[in-house]
Amino acid sequence: MPLVHVLLVLIVVGVLLWLVNTYIPMAGSIKSILNAVVVIVVVLWLLNVFGLLENLTRLRVGK
């Protein structure tokens, strides 16, 4: 995936998250949970896009 597409997706996700946080009334705890979930999903997506997620699944802990 070209870097321009990655940047466009990040900008769109950021704007959508800002719109939800600004214009949709909800409790602060729900907003922070929503923000955390979006950040985790975006980080996992970025790891997958750059091919680092496959390397993490091959790690073995212990014997």
Side-chain angles (χ1 to χ4, degrees):
M1 177 177 279
L3 190 58
V4 174
H5 290 148
V6 172
L7 288 175
L8 285 175
V9 169
L10 289 176
I11 291 170
V12 168
V13 168
V15 168
L16 288 176
L17 189 60
W18 174 76
L19 287 172
V20 167
N21 283 330
T22 304
Y23 295 112
I24 297 179
M26 63 181 90
S29 60
I30 296 175
K31 279 187 182 183
S32 46
I33 291 171
L34 176 68
N35 290 340
V37 167
V38 170
V39 168
I40 290 170
V41 167
V42 167
V43 167
L44 288 175
W45 177 75
L46 283 172
L47 287 173
N48 190 28
V49 165
F50 289 114
L52 299 174
L53 196 59
E54 294 173 3
N55 294 337
L56 289 178
T57 57
R58 293 185 203 151
L59 289 178
R60 296 183 61 92
V61 177
K63 295 183 179 185

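Computation of the quantities below employed the complete heavy-atom set of this structure, encompassing side-chain atoms and omitting hydrogens, waters and symmetry-equivalent molecules.
The side chain to side chain contact (heavy atoms under 4.5 Å, CB included) check on I11 picks up V15, with sequence neighbours excluded.
L17 CG to L34 CG: the interatomic distance, rounded to the nearest 0.5 Å, is 6.0 Å.
Here the closest non-hydrogen pair linking V20 and M26 is CG1-CE, 3.8 Å. Summarising the geometry of F50 relative to L3, their closest heavy-atom pair is CZ-CD1, 4.4 Å, with the distance given to 0.1 Å.
Using modelled atom types, one side-chain atom of N35 and one backbone atom of K31 make a donor-acceptor pair closer than 3.5 Å.
Both I24 and V38 are part of a single hydrophobic cluster, where members link through side-chain heavy atoms under 4.5 Å apart. In the hydrophobic clustering of this structure, V9 groups with L46; members are Ile, Leu, Val, Met, Phe, Trp, Tyr whose side-chain heavy atoms approach within less than 4.5 Å, directly or through other members. Note on L16: it does not cluster hydrophobically with L8, by side-chain heavy-atom contacts below 4.5 Å among ILVMFWY residues. L52 and V39 end up in the same hydrophobic cluster when Ile, Leu, Val, Met, Phe, Trp and Tyr side chains are linked at under 4.5 Å.
The side chain to side chain donor-acceptor pair (under 3.5 Å) analysis of residues 1-15, with sequence neighbours excluded, yields no pairs.
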